[in-house]
Amino acid sequence: MQLRYAFRLYPTAGQRQALARAFGCARVVYNDALRAREDARAAGLPYIRAAELSAAMTAAKKTPQRGWLGEVSSVVLQQSLRDLETAYRAFFDGLAGKRPRMGPPRFKSRKDARQSIRFTANARWKITEGGGLALPKVGDVAVRWSRRLPSVPSSVTVIKDAAGRYFASFVVETADVQGPPGTTAEVGIDLGLEHFAVLSDGRKIASPRLLRRAEKKLRKAQQALSRKRKGSANRAKARLDVARAHAKVADARREFQHRLSTELVRDNQAVYVETLCVKGLARTRLATSVHDAGWSAFVTMLEYKAARYGRVFARVDRSFASSQICSHCGHRDGPKPLHVRHWTCGRCAAVHDRDVNAARNILDEGRRIAPG
């Protein structure tokens with residue numbers, strides 16, 4: 001299995017300038033290649049192959065207009081061309097029905113919130129004995145290691161996020177790991193807004209509502225940003241304040257989801273969860289609360305952690321009427337408005353908590369559809 005590990009970087013002022021130069025060069029190479037393909041398509045010419053784009057980039061480095069491309073590692077520029085190739089492949093696969101449809105590649109901007117470059121083994125980057133990250137034409141960058149890498153990575157991606165923070169991202173191959181203690185417990189999970197998760201054993205996990213709790217601070221930061229003159233240094237500082245406030249919320253949400261998903265996978269041999277139409281819910285008046293919950297990221301964490309530790313995981317289709325079926329006798333009692341939180345089965349007279357009953361039905365359906 002491949003896992004991604006990210007660690008915070010603390011470059012010096014000179015290293016930040018070198019990284020900014022590398023981000024800019026990678027962006028220019030990407031945009032030049034995209035422009036060449038767009039012009040060829042508009043002129044009715046054949047699709048320009050990756051080898052031709054690479055040769056054109058090498059030739060451009062010898063011209064006065066693009067000579068500054070030689071100031072950064074050539075591997076970074078080649079990887080930028082590979083990123084464009086990956087974007088085109090995803091676009092064409094979507095048109096062919098091999099994956100969900102995606103739009104065509106778009107031009108990158110220096111104002112994009114996220115900037116990144118990638119170094120492969122050919123760039124001869126390394127982790128130094130002192131715990132730094134030696135990057136070509138950048139230097140030894142200080143890293144805050146929060147854990148040990150399970151294996152030697154072949155590449156590293158350096159990322160600058162909207163809040164101005166730098167990260168080193170490694171994708172490594174992991175061997176079979178010793179899983180948590182064996183258990184026969186199984187759990188069905190009903191995700192919601194009032195409670196983030198309701199479990200089939202009756203436990204209810206309160207929603208942290210991190211975005212809602214930070215709304216006042218975010219509103220003040222956004223108002224301060226709106227009052228700054230465009231292009232001014234004060235506006236740039238205010239933009240960073242807004243980005244940092246949002247990053248703090250996102251980090252707290254990710255930490256909550258990691259802790260809960262790890263606990264559920266550790267304590268249960270099988271985990272079943274309902275598939276939600278997040279895109280549809282995000283178009284309703286509940287959009288802010290839906291985005292604040294972050295269900296998709298949480299379910300993804302459950303899935304890969306279950307796979308890593310040999311647990312059973314299954315998604316129950318959202319068309320399954322989990323809120324309409326009596327988990328005691330199986331009688332389908334019909335749809336109910338959202339304000340109905342408790343109801344009595346018309347056949348067996350069992351009294352149900354709406355969410356707990358749904359979680360129990362998800363557990364039963366998950367057992368039925370789970371592989372093996």
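Just so it is clear, the values below take in all heavy atoms, side chains as well, and ignore hydrogens, waters and symmetry mates. Everything quoted here is computed from the prediction, not taken from an experiment.
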Problem - Set of ring-ring contact (aromatic ring centres under 6.0 Å, His included) partners for Y88, sequence neighbours left out - result: Y47, F92
Practice task
Apply ring-ring contact (aromatic ring centres under 6.0 Å, His included) to H352 and list each qualifying residue two or more places apart in sequence or on a separate chain.
Solution key: W343
Practice task
Before giving the answer on salt bridge (charged side-chain N to carboxylate O under 4.0 Å, His left out), spell out for R165 and D251 the whole-Å C-alpha distance, their side-chain angles and the decisive distance to 0.1 Å.
Solution key: CA-CA 12 Å; R165 303 177 301 177; D251 290 346; 2.8 Å; yes
Problem - Which residues share a salt bridge (charged side-chain N to carboxylate O under 4.0 Å, His left out) with R106, sequence neighbours left out - result: none
Could you check whether [X] pairs with [Y] (Lys NZ or Arg NE/NH1/NH2 to Asp/Glu carboxylate O, under 4.0 Å)?
X    : Y    : value
E85  : R89  : no
E52  : R37  : no
D112 : R27  : no
E365 : R368 : yes

Exercise for the section: Please check if the side chain of S54 supplies one atom and the backbone of A50 the other of a donor-acceptor pair under 3.5 Å. Expected result: no
Problem - Side-chain donor/acceptor of T128 to backbone N/O of A134, under 3.5 Å - result: no
Problem - N357 side chain to S327 side chain, donor-acceptor N/O pair below 3.5 angstrom - result: yes
Exercise for the section: Compute whether any side-chain donor of one residue and acceptor of the other, for S232 and N234, lie under 3.5 angstrom apart. Expected result: no
Exercise for the section: Starting from the C-alpha separation in whole Å, work towards a yes-or-no answer on salt bridge (charged side-chain N to carboxylate O under 4.0 Å, His left out) for R253 and D292. Expected result: CA-CA 8 Å; R253 182 188 297 115; D292 191 14; 3.2 Å; yes
Handout entry: CZ/R341: more than 12 non-hydrogen atoms of other groups inside 6.0 Å
Key = yes
Practice task
Just jot down the side-chain contact (heavy atoms from CB on, under 4.5 Å) partners of V28, sequence neighbours excluded, or say none.
Solution key: D32, R66, W68
Problem - Those residues that, when tested against S116, pass side-chain contact (heavy atoms from CB on, under 4.5 Å) (two or more places apart) - result: R114, T157, I159
Problem - Distance-minimising heavy-atom pair for S151 and E173 - result: OG-O, 2.7 Å
Problem - Pairs satisfying salt bridge (charged side-chain N to carboxylate O under 4.0 Å, His left out), at least one member in residues 119-134, at least two apart - result: none
Handout entry: Derivation and outcome, salt bridge (charged side-chain N to carboxylate O under 4.0 Å, His left out), residues K204 and D353
Key = CA-CA 11 Å; K204 296 184 177 182; D353 177 291; 2.8 Å; yes
